[in-house]
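Quick note on labels: first sequence line is chain A, next is B, and so on, each numbered from 1. Keep in mind that this is a model prediction, so the values were computed, not measured.
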There are 2 protein chains.
Amino acid sequence: MSHKKTCLCTLSELGTFAPMTDTADRAATGARGRTRRAILSAAATVLGQDRNAPLSAVARAADVGRSTLHRYFPDRDELVSATYEDSLAEIGRAMEEARLHEGPALEAVRRMIAAHIEVGDRVVFAFGDPALAQAHDTGEEADEPEEIVALFARGQEEGALDTNVEPEWFVHVMWALVFTGLDLVHTGRISRHDLVPRILRTFERGALVR
Amino acid sequence: MSHKKTCLCTLSELGTFAPMTDTADRAATGARGRTRRAILSAAATVLGQDRNAPLSAVARAADVGRSTLHRYFPDRDELVSATYEDSLAEIGRAMEEARLHEGPALEAVRRMIAAHIEVGDRVVFAFGDPALAQAHDTGEEADEPEEIVALFARGQEEGALDTNVEPEWFVHVMWALVFTGLDLVHTGRISRHDLVPRILRTFERGALVR
DNA sequence: TTTTTGTGGGACACTGATGTCTCATAAAAA
DNA sequence: TTTTTATGAGACATCAGTGTCCCACAAAAA
C-alpha cells in the first residue's frame with residue numbers, strides 16, 4: 001500500500017487488479033459486471049447489423065463512453081472475441097432451455113428454432129459472419145455447432161428428416177431462414193409474432209402446397 | 001480543335017467528352033466499355049463479399065490501377081450505384097433467358113433459381129444488402145422485384161405453391177438459400193454441381209422426409 | 001468524513017482509405 | 001510518322017476510426 005505513488009514502474013497497473021473481488025476471477029461484480037454485459041449485448045446487436053460499425057456506435061448503444069469501452073476491451077479484436085464467446089454462451093444457454101435431447105427430434109428442432117429467434121441478435125452476430133467462427137475456436141473445429149448437427153442427424157435417424165442431404169446443410173438453411181426472418185422483422189415487413197410459425201412451416205414443408 | 005491548349009477554363013473537360021462515340025451516348029466503345037465492364041464485374045464480386053472493402057481491392061480484382069477506377073467512377077458512391085444498376089440489368093437478362101412467363105409456374109421457378117445461381121455474384125451484391133435497394137430506386141418501390149413476386153403469385157394461383165404466406169416471403173427465402181448456397185460453394189463445403197438441385201429440393205419440399 | 005472505484009469527456013497521435021493531381025508510357029487513330 | 005486516347009504509378013492533402021492519456025466528477029466503500 002505504501003508503494004502506490006512512489007512506484008514508477010508498470011506495477012502501477014496492479015491498482016487495476018487489486019480492487020477485483022477476492023476470488024480474483026473475472027469481473028462479475030455488481031457495477032463492473034453490469035457495464036460489461038451492457039457492452040457485450042450492445043456489441044452483438046450493433047456489430048451483428050454492421051460488422052464495420054465504429055466503436056463509438058457500440059459505446060453509444062451500450063450507453064457508455066468510448067473511454068469506458070476501451071477500458072473493458074482494449075482494442076476492437078478483443079471486443080469482437082469477447083462478444084463472440086459471450087454470444088456462444090448465451091446461445092448455449094438458450095439451447096439448454098430447449099432441451100434438445102428430449103422427445104422426438106422434430107419437436108426438439110422446433111424448440112431449437114424458436115430458441116434461436118429469442119437470442120436472435122447473438123445468433124446473427126456469431127453465425128452471420130463465416131469469418132468469425134473460423135478466426136476463433138483455434139480453427140480446429142468445423143463452424144457448425146456439434147449439438148445442432150447431432151440433432152438434425154437424430155431427426156434423420158428417426159425417419160423424420162430428409163436423408164438426401166447432410167445434417168450440416170440443415171444447419172445453414174436454418175440460419176439463413178433465421179437471419180432473413182429477423183431482418184424482415186427489423187424492417188417491419190412481418191410481425192415478430194408470425195416469425196417462428198412461418199419459419200417452421202417453410203423449413204419443414206418448403207414452398208410446395210403439399 | 002484550335003482551342004485545345006489556349007483555353008484555361010473548365011472547357012478543358014470537353015476533351016474528355018469529345019473523343020466519345022459519335023452517338024454521344026455512354027462509353028460502350030471497345031476499350032472503354034471493356035474496362036468499364038471489368039470494373040463493374042469486379043466491384044460486384046468484391047463488394048458483394050465485403051461491402052466495406054477498400055477500392056484498391058476492387059481495382060486489383062479488376063486488374064486496373066486505382067487511378068483508372070477513379071477515372072471511371074469519381075467516388076465510392078458512384079461506383080456502388082453503377083454496380084447496382086449494372087447488376088440489376090445483368091440479373092434481368094438472366095431472368096429473360098429463364099422465360100418466367102412460359103410453362104407451369106413451378107418449372108419457371110426452377111429455371112429462375114438456376115438463373116440466379118448463374119449470376120450469383122450480382123445477386124449477392126444487389127440483394128444481399130437491404131440498404132442498397134432502399135438507397136436507390138428513389139425509395140418508391142418495394143425491394144422485391146416485381147416479376148419475381150408475380151411468378152410466385154402465379155405459382156400460388158396455379159395451386160402449386162403454399163398460399164399460407166405472401167409471395168414476397170418466397171422471394172426472401174429463395175435469396176437466403178441462394179446466398180447460403182453460394183457461400184458454401186465459395187468455402188468449398190459443397191460442389192457447385194450439387195448446388196441447384198439441393199436448393200430446389202429444400203426450397204420446394206423442406207426438411208421433412210415426406 | 002476520507003478513500004477508493006467507475007465513469008465520461010476531451011485531447012492527442014497514428015493509421016488506412018479516399019479523392020485529386022501530375023507525369024510518363026504504351027496503344028490506337030489520324 | 002504525328003496525334004490522340006487510355007492507362008498505371010506515384011505524390012499529396014484530407015478524413016474517419018482507432019487507441020492512449022489525463023483529468024474531473026460522482027457513487028460506493030472505508
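- Taking atom CG of residue B:Asp63 and atom C1' of nucleotide D:dG8, one finds them 11 Å apart after rounding to whole Å.
- The CZ atom of A:Arg60 sits 15 Å away from the C1' atom of C:dG9 (whole-angstrom rounding).
- We find that CG of A:Asp77 is positioned 12 Å from C1' of D:dT18, with the value rounded to whole Å.
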- Carefully, step by step, assess B:Ile148 and B:His116 under the rule side chain to side chain contact (heavy atoms under 4.5 Å, CB included). CA-CA 11 Å; B:Ile148 302 184; B:His116 267 73; 3.8 Å; yes

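- Ranking C:dT18, C:dT20, C:dG6 by closeness to the A:Tyr72 side chain, first place goes to C:dG6.
- Whole-Å rounding puts the A:Arg76 CZ to C:dG16 P distance at 15 Å.
- We find that CZ of A:Phe73 is positioned 13 Å from P of D:dG19, with the value rounded to whole Å.
- Residues satisfying the side chain to side chain contact (heavy atoms under 4.5 Å, CB included) test with A:Ser41, not counting sequence neighbours, are A:Arg122.
- Residues A:Ala53 and A:Ser67 each lie close to DNA chain D; by heavy-atom proximity, the contact nearer the 5' end of the strand is made by A:Ala53.
- When distances are taken from the side chain of B:His70 to each of D:dT18, D:dG8, C:dT20, the shortest belongs to C:dT20.
- Contact annotation: side chain of A:Arg66 to base of D:dG19, donor-acceptor pair present below 3.5 Å.
- Note on A:Arg71: a base of the nucleic acid sits closer than 4.0 angstrom, heavy atoms only.
- Put simply, CG on A:Leu69 is 14 Å from C1' on D:dT20, counting in whole angstrom units.
- At whole-Å resolution of the value, CG in B:Leu55 and C1' in C:dG19 are 9 Å apart.
- Atom pair B:Glu78:CD and C:dG19:P shows a separation of 10 Å (rounding to whole Å applied).
- In this structure, A:Ser81 and A:Phe73 have side chains that are not in contact, with every pair of non-hydrogen atoms separated by 4.5 Å or more.
- Here the options are A:Leu132, A:Val80, A:Val46, the test is side chain to side chain contact (heavy atoms under 4.5 Å, CB included), and the partner is A:Arg51; only A:Leu132 passes.
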